[in-house]
Amino acid sequence: MHLFRKKNQGKQRAVLIGLDGMPHSLATRLMAEGYMPNFKALMDSGSMLKMDSVLPTVSSTAWASIVTGCLPGKHRIFGFVDRVPSTYEMFIPTSRQMESMTWAEHFSRLGKRVFSMGVPTTFPPKAVNGILVSGFLAPDLKRATYPLYIADELAAMGYLIDIDAWQARENRDAFLDEIFLALEKRCEAMFKYFAQEKWDLFVTHFMDTDRLHHFVWGEVEKGQPKFVDWFHRFYRRVDQMIGELVARLDEDVALMIMSDHGFCSLKRDVHLNYWLRQMGLLEFATETPRQLRDLAPQSKCYSLLPGRFYVRVKGRDLNGCVQPGAEYEKVRQDVAAGLMAIRDPETGESVIDKVFMREEIFGGDVMDSAPDLIAKPAEGYDLKGGFEKQVLLEPSPVSGTHTFDNAMWYLNEKNVSCDDATVVDVLPTLYGVLGLDLPGEVDGRCLI
Ligand SMILES: [Zn+2]
């Protein structure tokens with residue numbers, strides 16, 4: 001990797017704002033249409049880049065890549081769920097599994113003060129030189145903060161770690177009210193600690209943008225007035241937050257506002273374990289399979305969301321039945337070719353955009369915990385990993401889904417441009433802006 005680092009530009013501290021799942025195209029549209037005047041005003045003094053996310057394109061994996069500058073092969077957060085190959089025990093990856101150092105940890109080691117709130121994969125909170133409030137995987141505030149007393153302060157102000165996304169399926173009006181409340185409370189907490197704490201790195205992540213998009217993106221795209229109005233009201237509030245923040249920033253502060261992936265209308269859910277069953281590569285030992293332990297011994301492959309495929313390799317996986325070498329490669333080739341042939345019967349379009357072998361995207365140091373193949377969906381198809389479905393394609397209960405491309409990244413540095421920026425470039429670029437040496441080997445590039 002080429003690292004062109006300009007030392008000492010005068011910026012000593014940094015404020016980073018995460019707007020989860022806000023597409024570059026949405027940001028530019030809302031600015032052009034006058035809904036985000038404060039964000040738009042920043043364009044004169046900085047650069048706005050379009051970024052690619054990572055595969056699989058989920059918030060845990062993408063934010064782990066942003067805060068470490070590393071791809072999943074290094075930081076080891078491969079999705080919302082994972083499994084132990086030798087036991088098939090399933091678990092939710094957390095900061096305990098994170099193998100690379102985050103910027104919050106590194107700044108702490110350098111003796112710099114940190115405030116980090118809401119960033120995915122920071123639960124359980126690690127000790128930092130400052131304050132860390134975990135993101136949406138934290139079960140409650142008591143277990144979400146370092147130091148502990150911050151939990152009481154946040155509870156007193158009615159802070160929400162996350163909204164109840166399940167509620168949205170039953171009562172969307174209540175969901176929309178709650179999401180607005182969560183946004184208000186996060187802004188309130190952000191400005192409280194921004195004013196009262198000493199910090200060198202100040203990070204606030206907003207999950208509400210992603211939640212909102214999942215539940216109303218399709219309706220907004222179709223122009224349904226109720227949701228369009230709501231959407232604009234929400235983003236006006238986000239823009240107001242940006243305006244208030246910028247008004248408080250000193251000259252020596254680097255500002256970045258970024259998302260971790262894009263969004264689009266969801267066409268259909270794709271149940272890939274059903275597809276593997278149809279292909280004769282997967283069988284279950286029970287009629288109502290719920291977990292990997294229910295796999296029948298002859299199963300060669302299974303999938304975890306979104307689009308991760310695992311071959312059951314002899315010597316590596318519990319009851320593995322595929323020989324390493326030629327047989328392993330054949331299974332992978334068969335799965336890849338079969339996936340590329342899946343069509344949506346309603347439109348005839350491909351459901352899968354591309355399939356990658358793990359060594360193609362995770363780098364040479366990939367560990368055995370990585371999936372053997374990864375499918376990148378065609379736009380609008382949500383790749384599911386449940387075991388019980390008896391159908392390949394079906395409508396989804398939500399109307400928006402992630403895209404690999406079209407994440408956004410604003411930085412208050414002029415004339416930064418890059419045609420192939422990705423989320424792993426954020427950390428090395430931040431370090432370049434601040435004139436700091438990198439925390440270790442990273443996969444991203446410094447773009448200044
Ligand atoms: Zn996200």
Side-chain angles (χ1 to χ4, degrees), residues 16-27 49-72 75 77-82 92-95 98 102 116-123 133-138 160-163 165 168 179 182-183 186 203-218 231 234-235 238 256-266 304-308 374 376-377 379-385 396 398-410 421-427:
L16 312 178
I17 300 297
L19 300 176
D20 203 292
M22 186 183 195
H24 178 274
S25 55
L26 175 67
L49 301 180
K50 193 192 258 191
M51 273 198 294
D52 283 342
S53 187
V54 287
L55 289 169
T57 311
V58 292
S59 300
S60 331
T61 309
W63 281 103
S65 290
I66 290 173
V67 302
T68 64
C70 296
L71 291 166
H75 63 60
I77 307 292
F78 289 100
F80 281 127
V81 292
D82 215 322
I92 295 172
T94 67
S95 64
M98 182 92 93
T102 67
S116 172
M117 179 165 66
V119 179
T121 68
T122 54
F123 173 79
V133 181
S134 300
F136 67 97
L137 285 178
L160 297 171
I161 296 169
D162 195 9
I163 53 103
I179 216 166
L183 174 64
R186 191 143 310 187
V203 188
T204 301
H205 172 272
F206 292 85
M207 196 67 205
D208 317 305
T209 38
D210 177 281
R211 299 288 187 217
L212 177 70
H213 295 174
H214 275 297
F215 287 97
V216 305
W217 189 275
F231 200 77
F234 179 86
Y235 272 107
V238 172
M256 293 188 184
I257 303 173
M258 75 208 95
S259 63
D260 53 336
H261 49 79
F263 247 89
C264 66
S265 282
L266 202 164
L304 298 180
L305 88 166
R308 289 176 288 163
I374 294 234
K376 177 174 176 276
E379 187 168 303
Y381 290 95
D382 199 359
L383 307 184
K384 296 294 190 186
S396 171
V398 298
S399 73
T401 189
H402 300 179
T403 61
F404 171 79
D405 59 357
N406 203 15
M408 61 126 191
W409 179 16
Y410 168 80
T422 92
V423 291
V424 290
D425 298 330
V426 173
L427 180 140

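Atoms within a ligand are numbered from 1 in the order they appear, just like the ligands themselves. Quantities reported herein were computed from a predicted structural model and do not represent experimental measurements.
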Report yes or no: does [X] have an N/O/S atom closer than 2.8 Å to the Zn ion (ligand 1)?
X: His402; value: no
X: Asp210; value: no
X: Ser259; value: no

Would you call Ile374 and Arg308 a side-chain contact if the rule is heavy atoms closer than 4.5 Å? yes
Does Thr209 reach the side chain of Phe234, with side-chain heavy atoms less than 4.5 Å apart? yes
Could you grab the distance from atom OH of Tyr381 to atom SG of Cys264, nearest 0.5 Å is fine? 10.5 Å
Would you give the length of the straight line joining atom NE2 of His214 to atom CG of Leu266, rounded to the nearest 0.5 angstrom?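 Going from the NE2 atom of His214 to the CG atom of Leu266 covers 9.0 Å.
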If the Zn ion (ligand 1) is the vertex, what is the angle to NE2 of His261 and OD2 of Asp260, rounded to 10 degrees? 100°
Starting from the Zn ion (ligand 1), look over the N/O/S atoms of Asp20 and name the nearest one.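 When I compare the N, O and S atoms of Asp20, OD1 is nearest to the Zn ion (ligand 1).
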So His213 and Phe263, would you call those rings parallel, tilted or perpendicular, with 30° and 60° as cut-offs? perpendicular
